[in-house]
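Shown next, in structure tokens, is the structure this report addresses.
Below, chains carry the letters A, B, ... as their sequence lines are ordered, and counting in each starts from 1.
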2 protein chains.
Amino acid sequence: MAARHEEIADALRRAIDREDYTVGSLLPPETELAARYGVSRGTVRQAVATLTAEGLIGSRQGARRVVLAGRRSQSFAELRSFAQWARAMGREATGRVMAQEWRTVTAEDRARLQLDPGTRVLHVLRLRGLDGQPVLLERTVYADWISTAVEHIEADCPSVTQRLLDDTGLVLAYGEHVIDAVAASARDAELLAVRRTSPLLRVRRVTTTREGRPVEWSDDRYRPDAVRFSVHTSIGNNALARMTADQ
Amino acid sequence: MAARHEEIADALRRAIDREDYTVGSLLPPETELAARYGVSRGTVRQAVATLTAEGLIGSRQGARRVVLAGRRSQSFAELRSFAQWARAMGREATGRVMAQEWRTVTAEDRARLQLDPGTRVLHVLRLRGLDGQPVLLERTVYADWISTAVEHIEADCPSVTQRLLDDTGLVLAYGEHVIDAVAASARDAELLAVRRTSPLLRVRRVTTTREGRPVEWSDDRYRPDAVRFSVHTSIGNNALARMTADQ
DNA sequence: ATGGAGCACTTGTCTGAACAAGTTGGCCTC
DNA sequence: GAGGCCAACTTGTTCAGACAAGTGCTCCAT
């Protein structure tokens, strides 16, 4: 925790969690917070902007800020790593590679991973569990330049993200996620221990490095009785977008 | 479009859309943008922060900003209003109230809408369509103080949000959305014209005013072949959070 | 009572400056 | 050629000040 504005954001987050400020109540004015923490108003504004983006507080010109929600999952790399997310919640993540295969890129692979025609990429089918229960089936395609590193990871490695970071220094920094629902196929059903055609929450995502280079793309299917997603939106800030199926 | 930083954000958004800056390429340095638009570096930083939050560009200390994605739905009130979203995409939204009923609040209603025990609230079942096709089934509970206004809206009003704004000045400002998947019930199937048990994308949401006062909560079920959701995440900014089903 | 004007308060916008910290590429040495 | 060091560049953090704009309250006149 280096930056002062992060410390202040954290202090405010904890104060809200402690119910020093209850849901519906008003936060102190910026000037008061600035005086309390011994910083300028700009630094306080950076801190409260973080909480606003998290959906914890609401802000409008002229009126004091209002507390909108009480708690926040508050982990950082939440979506980038299943294992890190599980650990942050005090659950144990497991993983197992069910199938692995090299294939020549399809048109879709090429578009999503920005690769040349004819490139060979690694397809991995991985089943992931939470406290022993299977909850997620990942079908991932890795870009050629990272595939050999992925290939040599042991089949039951709980955190591929952590492993790639340790082995190659790779940091997964950005992701685009498209969320919908599908019926479980026979294979899905067998591996996730649900009935065939039962509804699954599907997330298709592309993950890139800090430099913006695509690393992997994946079709993830969650048991909806085990995992959900949540998003806060506000009038000036909608991270979540609705899309039609075409285009 | 009042604020200078919004104008600059918009100019950059259009430049990216126009492919003046292609995906994977680098944005000019802040100082250069500041000089080009005749503003201080702080104002440029505000503009690029917007695009970063939208997932259009990636940013890291020391390196130039990189363009991550080409286009952005860029409408404002997207998630708050089905009709406004549809219009922004050049589609026509329809709506029809299928059932409407006053009930005494349940414990869940009270918790979500912050109401007193014994309060009467309005339950509405609304079917919504896009270009004539049914795509969404909304089961909404409105807080008592807005229910009478909702009750008097005609059954086939395409935009309830717009109507409430016109009639009562109500602005829906904040929302929390929890996303999962469910199997279509017999009723769902009939109204949405899908087979029973076919997968639906469910969004449960609570919407509040600018003051943080809950207005409505809703169980929305989308045909996943018609509507999807998309989210951008980045290392410092995860609007989307994964949740376990319990708690 | 009711409505409007005015005022204090609070957040939003913007500036210009300075320093910290991370990245990148070139140069130099071995 | 390989490796390491350095310098230029770029983004991140913070400050102090000023003004704009929206909110909510009081008070006054009707």
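- When the nucleotides dT13(D), dA16(D), dG12(D) are ranked by their closest atom to the side chain of Ser40(A), dA16(D) comes out on top.
- Enclosure of atom CD in Glu211(B) by more than 12 non-hydrogen atoms of other residues, nucleotides or ligands within 6.0 angstrom is indicated.
- Aromatic pair Phe229(A)/Tyr222(A): ring centres closer than 6.0 Å.
- For the helix from dA1(C)-dT30(D) to dC30(C)-dG1(D), the axis fitted to the five pairs at one end and the axis fitted to the five pairs at the other end meet at an angle of 10° (nearest 10 degrees).
- Checking the phosphate oxygens (OP1, OP2) of dG12(C), a side-chain nitrogen or oxygen of Arg45(A) falls inside 4.0 Å.
- Distances from the side chain of Gln46(A) to the nucleotides dC14(C), dT14(D), dT15(C) place dT14(D) closest.
- OP1 or OP2 of dT23(C) has at least one side-chain nitrogen or oxygen of Arg210(A) nearer than 4.0 Å.
- Side-chain proximity of Arg60(B) to the nucleotides dA16(D), dT13(C), dT23(C) is greatest for dT23(C).
- At least one donor-acceptor pair closer than 3.5 Å links the side chain of Arg128(A) to the backbone N or O of Pro158(A).
- A distance-only check finds a donor-acceptor pair linking the side chain of Asp109(B) to the backbone of Thr106(B) [under 3.5 Å].
- Within the 4.0 angstrom heavy-atom criterion, no nucleotide atom of any strand lies near Thr31(B).
- Residue contacts for Arg4(A): at a heavy-atom cut-off of 4.0 Å it reaches the sugar-phosphate backbone alone, with no base atom in range.
- When the options Val39(A), Val48(A), Thr50(A), Leu51(A) are evaluated for a side chain to side chain contact (heavy atoms under 4.5 Å, CB included) with Ile8(A), the one that passes is Val39(A).
- Comparing dT11(D), dT13(D), dT11(C) by their nearest atom to the side chain of His5(A) picks out dT13(D).
- As rounded to whole Å, 7 Å separates atom P of dT13(D) from atom CD of Glu6(A).
- With dA16(D), dT11(D), dT23(D) as the choices, the nucleotide that has an atom nearest any side-chain atom of Arg41(B) turns out to be dT11(D).
- With distances taken from any side-chain atom of Val39(A) to the nucleotides dT13(C), dC15(D), dC14(C), the minimum falls on dC15(D).
- A donor-acceptor contact closer than 3.5 angstrom is absent between the side chains of Arg213(A) and Thr208(A).
- Closest heavy-atom contact between Val206(A) and Pro214(A): CG1-CB, 4.5 Å.
- Residue Arg65(B) is in sugar-phosphate contact alone, with no base atom involved, counting any heavy-atom pair closer than 4.0 Å across all strands shown.
- Of the listed nucleotides (dT23(D), dA20(D), dA20(C)), dA20(D) has the atom at the smallest distance from the side chain of Gln61(A).
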